[in-house]
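Chain letters run A, B, ... following the sequence lines, proteins first, then strands; residues in each count from 1.
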There are 2 protein chains.
Amino acid sequence: MEKKIPKNTVKRLSVYLRCLNKLQEDGIENVSSSEFGELIGINPAQIRKDLSYFGEFVRQGLGDNIEKLKNGIKKIIGLNETQNIILIGVGNLGKAILNYNVITKRGFSIIAAFDKDPEMIGKIINNVGVFDIKKIDQFIAGKNIKCAILTLPPDQIRKTIEKLYQLGIKGFLNFAPISLNLSKDIQIVNVDLSSSLEVLMFYLRNNSE
Amino acid sequence: MEKKIPKNTVKRLSVYLRCLNKLQEDGIENVSSSEFGELIGINPAQIRKDLSYFGEFVRQGLGDNIEKLKNGIKKIIGLNETQNIILIGVGNLGKAILNYNVITKRGFSIIAAFDKDPEMIGKIINNVGVFDIKKIDQFIAGKNIKCAILTLPPDQIRKTIEKLYQLGIKGFLNFAPISLNLSKDIQIVNVDLSSSLEVLMFYLRNNSE
DNA sequence: TAGATTGTTAATCGATTAACAATC
DNA sequence: TAGATTGTTAATCGATTAACAATC
């Protein structure tokens, strides 16, 4: 990647993709950046700028085909092909995510879940098998798995990341409320419910914004 | 609020709070901004600047007492007193959140859950009762509830927000992957798993950052 | 007091937006 | 062609960081 992509641009790409899908479902085939911007509440210049970072592939511009644009964004993100992921920790949250079909619709495939609880091992949840965490090495071997969803207790996160990293997995979606200082080589995205609630609370009290 | 608080400052306040709690658990009573910054990987000047927006209350500065600082941040966020919240939609994700005790530890109290499923109504999950969504009006009346967690299917989100807004609830934590253009008066924080996964995927492919 | 650490100003850096020539 | 819409440059706006006098 030649130029540095702003962090917010990446987040917006995801928003664009979702909205383009929606538009396509509604049978719309083209949008201009101004129409699109209007729709999602983002400045049209922002949209054009965001896309220009990857400008090679949509030379015709937004005004043209939604399908083309969608595929372009998918390619940027790496979702032009289905991504295999695994889930570690089949507690309440783990189960909820296994049952959350939106992830699948978006081009991800959870191909296995792992837990240490004998009660859970062997079960099948929404077509995903639960395996013994001890056997994860042999399961992963040879499969193309780039990232893992971690729905484990906080105290097991670090250990698990280190283990999976050795097995070649470098991307993590983490739900535990902890700060980790990890190798630059590891990509981690944190989802923190209490933190989100706190941010919400703040804006509720100071809602001049 | 005199000056405008940067969005990122608010997010960081939440991080600060979590880390201060951690430090306190470890028996530490004071930190300097440089130590603290080192610990959480944030520039000390950034921390001082963030806190200076609310400068009135920690005149002594970070170098002083963690307890004092913690209470200061709690007060800014509005967590100096327990915040009552409700949860709408007791599906898999709803259940997971009800069972997620971290929220409680952080100063929130989920005082009730609501669903329309007769099978669910009347059940108690982790000490939270599940009530008939139709009776929500009378339940809420007179109680001090400022925000709601929405774990409903996407197509029911808008309707539910409008309803709750009329009942005086203006803050929402939303898990459905939709973009809503709502009244400025409403505060909404979105948690979108697929979007988080997409951001993760992007950085995995372009991990020069 | 002397040293450490702050709060805040000024400088830097990055992200957003307006404007417009180039393109379809 | 004329009108619309782009991609990109330049201007603006905001957020981060370095530096330092003021404070404990």
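- Applying the side chain to side chain contact (heavy atoms under 4.5 Å, CB included) criterion to B:Glu35, with sequence neighbours excluded, gives B:Val31, B:Ser32.
- Listed by first and then second residue, the ring-ring contact (aromatic ring centres under 6.0 Å, His included) pairs that reach into residues 94-114 of chain A are A:Phe114-A:Phe131, A:Phe114-A:Phe139, sequence neighbours excluded.
- Between A:Ser33 and D:dT5 there is no side-chain N or O to OP1 or OP2 distance below 4.0 Å.
- Following rounding to the nearest Å, A:Lys68 (NZ) and C:dC24 (P) show an atom-to-atom distance of 11 Å.
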Under the 3.5 Å Watson-Crick or G-U criterion, the dot-bracket string of DNA chain C, with | for inter-strand pairs: ..||||||||||||||||||||||
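- Between the CZ atom of B:Arg48 and the P atom of D:dT23 there is a distance of 16 Å, given to the nearest Å.
- If you take CZ of B:Phe54 and P of C:dT8, they are 13 Å apart, rounded to a whole angstrom.
- The distance from atom CG of A:Asn65 to atom C1' of D:dT5 is 16 Å, rounded to the nearest whole Å.
- Judged purely by atom type and a 3.5 angstrom limit, B:Ser196 uses its side chain to pair as donor or acceptor with the backbone of B:Asp192.
- Proximity of B:Ser14 to A:Phe202: side-chain heavy atoms (C-beta onward) are nowhere separated by under 4.5 Å.
- With sequence neighbours left out, the side chain to side chain contact (heavy atoms under 4.5 Å, CB included) criterion links B:Lys105 to no other residue.
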Where do N or O atoms of nucleotides 13-17 of chain C meet protein N or O atoms at under 3.5 Å, pair by pair?
{"residue": "C:dT16", "atom": "OP1", "partner": "A:Asn8", "partner atom": "ND2", "Å": "3.2"}
{"residue": "C:dT16", "atom": "OP1", "partner": "A:Arg12", "partner atom": "NH1", "Å": "3.0"}
{"residue": "C:dT16", "atom": "OP2", "partner": "A:Arg12", "partner atom": "NH2", "Å": "3.0"}
{"residue": "C:dT16", "atom": "OP2", "partner": "A:Gln46", "partner atom": "NE2", "Å": "3.3"}
{"residue": "C:dT16", "atom": "O5'", "partner": "A:Gln46", "partner atom": "OE1", "Å": "3.2"}

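- The closest side-chain donor-acceptor pair between A:Lys70 and A:Asn21 falls under 3.5 angstrom.
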Step-by-step side-chain contact (heavy atoms from CB on, under 4.5 Å) determination, B:Leu180 to B:Ile188: CA-CA 9 Å; B:Leu180 300 152; B:Ile188 184 162; 4.0 Å; yes
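- Distance CG (A:Asn30) to P (C:dC24): 16 Å, rounded to an integer number of Å.
- When the salt bridge (Lys or Arg N to Asp or Glu O under 4.0 Å) test is applied to A:Lys163, the partners found at least two apart in sequence or on another chain are A:Asp137.
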